[in-house]
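Since the structure comes first, as structure tokens, the remarks are kept for the end.
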Amino acid sequence: MTTDLAQLAVTVEDVLAAQKMLDGVIAYTPIEDSRALGRLTGARVSLKCENLQRAGSFKVRGAYVRMARLSEEERARGVVAASAGNHAQGVAVAAARLGIKARIYMPLGVALPKLAATRGHGAEVILHGHNVDEALTEAKRYADEHGAVFVHPFDNVDVVAGQGTIGLEILEQVPDVDTILMGVGGGGLLAGVAVAVKARARELGREIRVIGVQAENAAAYPPSLAADALVPLKKVSTIADGIAVGRPGQLPFSIIRELVDDVVTVSEDSLARALIFLLERSKMVVEPAGAVGVAALLDGKLTENGANPGNTVVVLSGGNIDPMLMLKVIQRGLAAAGRYLVVRMLLDDRPGSLATISRIIAESDANVTGVDHTRVGGSISMGDVAITINMETKGEEHCEQVLNNLRAEGFQPVVIQG
């Protein structure tokens, strides 16, 4: 049965109205073709660069639309929000432009660049809780007690409509698009884009697939869609903090279950590989949550059931990444791709052992980037020494060659990372 789009909580008319409201407020972000992804997938692949949006992500779209529609009395009470970073910055930017006081709750341990940026836009930031859900609960409590207007990151009609403007832009920039791929946490972006794209596709008498991607350790949508009801996760653990949401939004879920073609998941290693791929091949700085669509393409998620993705657009939803996290992700991504190897060995504590290992690694054409050498530890016997070596390598086959060369000389390397 065909879904009656006019009966959905958010319609294409809502998205069109949001687009007019955002004119002159946000950046019309570019579309960049990715020949490298195209060669790997056999299809034309384009990147919608919301990592270049104001405040570094798509979130400013929905936040501005929500807040611009507040009454004068509501604006005077101020707004309150909760976020791990991107929604916080979007609310802060919108509040500054609209002259509204903003109080934002962020989890303890939030990335320092996101914290500094949110404060830099003029918002008051309160650190609370260990995840976004706990920060959300506190923000709602504050709103109830003090009368501030709560700006939800995804479970709101205006927010969903604002995010949906990305779908309208994609259709203008790539009219022949067949598949649109993007990350999903609470679901506001995916729901909004689906509303806009499916309505326009129906007007044109054609099909456009809309697919969401979640980190497998923060994937509440697949079980929720299977049960046709919200299924909250007991635990969320992912480097993609922008989509680390344990419970889908009721409003986005009601739209996604009607319109979205599929929601797939990707591993943490796949996320790390995708981030490195975007850095190296597309020269794009993207946070892990913004790279999930590329991870799904690299993993073949769109073609594993024999489907042809056709002309594909991947939304790079954000670029706000903590440099320290980037360092860790790059190391993990290089290891997953066989380009970074860490091994640990126990050696006889005698002169020449380290020199022998260095010779073997050099002759194997690997590059040592770090060495840790210790004689103290619970598993180290008297007369032994433990050595941990970090190496740059050239792929999985090269890693195995280095390990085999070490074993051939009588060493027993244990792979710590790689």
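Throughout, residue positions are numbered sequentially from 1 according to the sequence presented. Worth knowing before you read on, the calculation uses all heavy atoms, side chains too, and leaves out hydrogens, waters and symmetry mates.
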Q.
Given 3.5 Å as the limit, does a donor-acceptor pair link the side chain of Gln19 with the main chain of Leu168, or not?
A. no

Q. Under a 4.0 Å N-O cut-off, is there an ion pair linking Lys59 with Glu50?
A. no

Q. Does the cation-pi check pass for Lys283 over Phe277, that is, NZ or CZ under 6.0 Å from the six-membered ring centre and within 45° of its axis?
A. no

Q. Which word best sums up how the rings of His128 and Tyr105 line up, parallel for under 30°, tilted for 30 to 60°, or perpendicular for over 60°?
A. perpendicular

Q | Ionic contact status for Arg209 with Asp178, cut-off 4.0 Å | A | no

(Q) If I compare all heavy atoms of Val213 with all of Ala296, which pair ends up nearest, and what's the gap? (A) CG2-CB, 3.9 Å

(Q) Using a 6.0 Å cut-off, check whether atom CZ of Arg247 has over 12 heavy atoms from anything other than its own residue. (A) no

Q. Between Glu169 and Lys48, does at least one N-O distance fall below 4.0 Å, as a salt bridge requires?
A. yes

Q.
What I want to find out is whether Lys198 reaches Glu258 closely enough, with some N-O distance under 4.0 Å, to be called a salt bridge.
A. no

Q. Looking at residues at least two apart in the chain, or sitting in another chain, which of them share a side chain to side chain contact (heavy atoms under 4.5 Å, CB included) with Ala201?
A. Ile208

(Q) Using the side-chain contact (heavy atoms from CB on, under 4.5 Å) definition, which of the options Asn367, Val343, Val371, Thr369 pairs with Met391? (A) Val343

**Q.** Lys301/Glu216 ion pair, N-O < 4.0 Å
**A.** no

